[in-house]
Amino acid sequence: MPIITLPDKSTKSFDHPVTGLEIAQAIGPRLAQAALGCKVNGELRDLSTLIEADASVAIITDKTRDKQPDKDGLFLIRHTAAHIMAEAIQDVLGKDVLLAYGPPTDTGFFYDMLIPAGKSLSTDHFDAINQRMAQIIAENRPMTRYEVPAADGLAKLRSEGNKYKVDNAERALGLPSSVYTGAKQNDVAPANPGAALTFYATGQPGKHWEDLCRGPHVPGTGRVGAARVMSLASSYWHGDENSDRLTRVYGTAFASQAELDAHLHQLQEAKARDHRVIGKHLRLFHIDEDVGQGLILWTPNGSIIRQELMDFIGGELRKQGYQQVFTPHIGRLDLYKTSGHFPYYKESQFAPVVEREALERLSREGCSCAELTHRLEAVSTRLQRGLNERTGKNIIPDERVMPDDLLVDGFMLRPMNCPHHAKIFKSAPHSYRDLPVRLAEFGTVYRWEQSGELNGMTRVRGFTQDDAHLFCTPEQVPAEIQGCLSLVKVIFATLGMKEYRVRVGLRDPDGKKYTGTKENWDKAEQACIDAAATLGVTFSQEPGEAAFYGPKIDFVVKDVIGREWQLGTVQVDYNMAIRFDLSYIGPDNQPHRPVAIHRAPFGSFERFVGVLIEHFAGAFPAWLSPQQVRVLPISEKSNDYAARVAGVLRGAGLRVGIDAGDDRIQAKVKVAAEEKVPYMLIVGPRDAESGTVSVRARGIEKDLGAMSLEAFVEALRREVAERRCELTVRP
RNA sequence: GCCACCGUAGCUCAGUGGUAGAGCAGCGCUUUUGUAAAGCGCGGGUCGAAGGUUCAAAUCCUUUCGGUGGCUCCA
């Protein structure tokens, strides 16, 4: 006699076990009609689930109360849609397509499958698949769940010859994976005799298509309003690149065709905001294959944006007591052996640069490539002893040590700026009275990203960080973290960026890989959490996400397509000072280890500007715009006056262009609007006579009227100096 | 790196075995214009690169370079 508690805390009693559907019916017929599934004690279940004991139950539909798409409802719809797509693909390509794994995702769903040799799936099949999916949805077959005892289910799957499903079942039953890891076939765990496997038929079991599946699903295929296959990709079984390569088919589904259409429309809109498209159109940057993949050439327009950002950030840093430094883009290998970057991160670094004479000598000696690598990665006895003594651990094992005359020296394109900054700190003695020492550099670093990971400006191989290293006492750590975050807050606020979140990376509770004392870690972690809490944006604490050398704070923003990009980071580091043997003299007249804080709150100018382009859709505030004003003479007769106006603006330090072509004014306005110039000054004989300019501001599709040139200059100078987000100058 | 798709004029794209095209941009001429494209004309491409099949290749095949999307959220 279950008592059901509904989300509004009201209860309903039943004298028999009930299904979710019956509960919905008891609430109202329209809810029963709209119901897709239910949540029993917080767990998403089929509508047909029988509830025998008291429980709190929520009925899931495709919309929440405020008419927004319901996340759980979409999950159910997309989970079922994955089955429908798999059935459609098997109908189109054949039953010998082996299905592996097909879950819902944030924006849809995918299904991984093995396309048998000799067959292939391409976008040419999409029309056929979409049509077949529409048919299955129109047929509105019930989603029928049935359970089979584990042993029977396994036998059934094995006889069907799909090793991926057998593997899924074994994992679900907690058995060792006989297929994936090659463990012995072990029918049913003795400890779990009642275990069962569940299957879902898209219709009648035995008659219609079916799949091993945990569920839950919507009650019938008709409840998937609209589904569509989207794209193809490849994936690996279990994400393991040594395992089978599968074809991943992406699709998406919504409760109605209108919502699917809206989603497709939004994808198109997002494409129009893509920083690569806008960047090309507005000539902000260029990537040239002759220069290299992932290497950004900042063209004049983009360079203005970058320079303005550097000036802005640089000014804020000076206010906070940072000191500017400049260091080269390369350094000797020993430096990176000391820091620990080489060779441990060699997969993500450019290969070392070896001096020509050394290479020629090695070549004469017949040195092999493997031998060269070995000799580059080895260290001298002196370096080994120094590092091992300082860290108190055997971090350089004897195998890596080589006599000096065999070692090969070289340079590395720097993957990080910290070694150079550590060396600057070490170049002079420091008293505790000097701390914190804050060394800032817009430092360019180089990392070897896999070619498939590269993406416009947001994922590149050479980039300039807004980097700084703060060397301080353990007591100063909280205040310094606060300082970093207040900087982030100022800059995000200035740019009108509200859509960001913060991740605080903490120790794994039982991890042993960490360096530094427990007391320092506790304090630093608390400082990070406290600082994040003051930001006033959502932040998450993520145990296990700390670096081995200290806790960190990451800033993540979402781009228009919903992809998240990590921008900056603040990391506390107890390790660097040890490795580089940094010290300051304390009040006790004894040397002490400083704590280092790495911080690059915006990550890199490349990624940050890429995100900014999408954030503003190319319509930058006046202070960032490559061209702030464009003067448009009505006809050639006004060209002289236009040139005088432009001269005055330029003299006032504003970035001005002039469109003196023989186009009509309509054409000049259109071009300036497409290039997203903040202000157009339209000047004709009337203006020349009165010394005025006719103002048109971006985003307002009309003539705002005339004002004196002096008043315009003053107003725009103020807007730029205050770095306002909006265009505020008006006659 | 791996998989799918793509690469034609500065840009956006059409052309699927038979003499390389359009619009925009550029240049010239006409027009002298008051707020989202005036008209006419001209120039511009070894069709990403290399090799192959063919009487004939932008088009078909192979290789290669580059771009785009994707490469777990564990039934």
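Naming: A, B, ... by sequence-line order, numbering from 1 per chain. These figures come from a predicted structure and were not determined experimentally.
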What's the [atom1]-[atom2] distance between [X] and [N], to the nearest Å?
{"X": "A:Y641", "N": "B:U32", "atom1": "OH", "atom2": "C1'", "answer": "19 Å"}
{"X": "A:L284", "N": "B:C11", "atom1": "CG", "atom2": "C1'", "answer": "15 Å"}
{"X": "A:E689", "N": "B:G34", "atom1": "CD", "atom2": "C1'", "answer": "14 Å"}

- Hey, are A:T458 and A:N455 close enough side-chain-wise for a donor-acceptor pair under 3.5 Å?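 Yes, because at least one side-chain N or O of A:N455 sits under 3.5 Å from a partner of the opposite role on A:T458.
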Does [N] have OP1 or OP2 under 4.0 Å away from a side-chain N or O of [X]?
{"X": "A:K637", "N": "B:U33", "result": "yes"}
{"X": "A:R276", "N": "B:G69", "result": "yes"}
{"X": "A:N455", "N": "B:G69", "result": "yes"}
{"X": "A:K280", "N": "B:G10", "result": "no"}
{"X": "A:Q666", "N": "B:G34", "result": "no"}

- Readout for nucleotides 43-50 of chain B: B = base within 4.0 Å of protein heavy atom, S = sugar-phosphate only, - = neither; 5' to 3' it is --------
Anything under 3.5 Å between a protein N or O and an N or O of nucleotides 72-75 of chain B, put it in a table, one pair a line.
| from | atom 1 | to | atom 2 | distance (Å) |
| --- | --- | --- | --- | --- |
| B:U72 | O2 | A:Y101 | OH | 2.6 |
| B:U72 | O4 | A:H238 | N | 3.0 |
| B:C74 | N3 | A:R171 | NH1 | 3.2 |
| B:A75 | OP1 | A:R214 | NE | 3.2 |
| B:A75 | OP1 | A:R214 | NH1 | 2.6 |
| B:A75 | OP1 | A:R214 | NH2 | 2.1 |
| B:A75 | O2' | A:R214 | N | 3.3 |

Any strand counts, and the cut-off is 3.5 Å on both contacts for Watson-Crick or G-U wobble. Which nucleotide pairs with [N]?
{"N": "B:C60", "answer": "B:G52"}
{"N": "B:U31", "answer": "none"}
{"N": "B:U72", "answer": "none"}
{"N": "B:C24", "answer": "B:G10"}

- Message: Measuring only the P atom in each nucleotide, how far is B:G15 from B:C55? A whole number of Å is fine.
- Response: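 Pairwise P distance, B:G15 against B:C55, rounds to 28 Å.
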- Task: Determine the interatomic distance between C1' on B:C13 and the same-named atom on B:U30; round to the nearest Å.
- Result: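 The answer is 31 Å between these two C1' atoms.
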- Message: Cation-pi check for A:Y200 against A:R214: NZ or CZ below 6.0 Å from the six-membered ring centre and within 45 degrees of the axis, yes or no?
- Response: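 The answer is no; the distance or angle limit is not met.
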- Item | Over-ring placement of A:R248 relative to A:F110, 6.0 Å and 45° cut-offs |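 Satisfied, under 6.0 Å and within 45°.
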- Message: Tell me if the side-chain of A:D703 makes a donor-acceptor pair with the base of B:G34, cut-off 3.5 Å, by modelled atom types.
- Response: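 Flag unset: no donor-acceptor pair detected.
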Between the protein and nucleotides 40-42 of chain B, list the N/O to N/O atom pairs that are separated by less than 3.5 angstrom.
none

- Item | Residue list, salt bridge (charged side-chain N to carboxylate O under 4.0 Å, His left out) with A:K95, at least two apart or on another chain |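 Here the qualifying residues are A:D91.
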- Not counting sequence neighbours, which residues clear salt bridge (charged side-chain N to carboxylate O under 4.0 Å, His left out) with A:E160? List them please.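 With neighbours one apart ignored, the set is A:K156.
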- Using a 4.5 Å cut-off on heavy atoms from C-beta on, say whether the side chain of A:M457 contacts that of A:H275.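 A:H275 vs A:M457: side chains touch.
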- Message: Counting neighbours of CZ on A:R283 that are heavy atoms of other residues, nucleotides or ligands and sit closer than 6.0 Å, is the number greater than 12?
- Response: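 Counting neighbours around CZ of A:R283, 12 or fewer heavy atoms of other residues, nucleotides or ligands fall under 6.0 Å, so no.
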With 3.5 Å as the limit, what N/O pairs link the protein to nucleotides 25-31 of chain B?
| from | atom 1 | to | atom 2 | distance (Å) |
| --- | --- | --- | --- | --- |
| B:U30 | O4 | A:D662 | OD2 | 2.7 |
| B:U31 | O4 | A:D662 | OD2 | 2.9 |

- Message: Base, sugar-phosphate or nothing for A:E453? Non-hydrogen atoms, less than 4.0 Å.
- Response: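 Contact class for A:E453: base.
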- Base, sugar-phosphate, or nothing for A:I682, non-hydrogen atoms under 4.0 angstrom?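 Answer is base: heavy atoms of A:I682 come under 4.0 Å of a base.
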- Task: Would you confirm whether the ring centroid of A:F350 sits within less than 6.0 angstrom of the ring centroid of A:W448?
- Result: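 Centroid separation for A:W448 and A:F350: below 6.0 Å.
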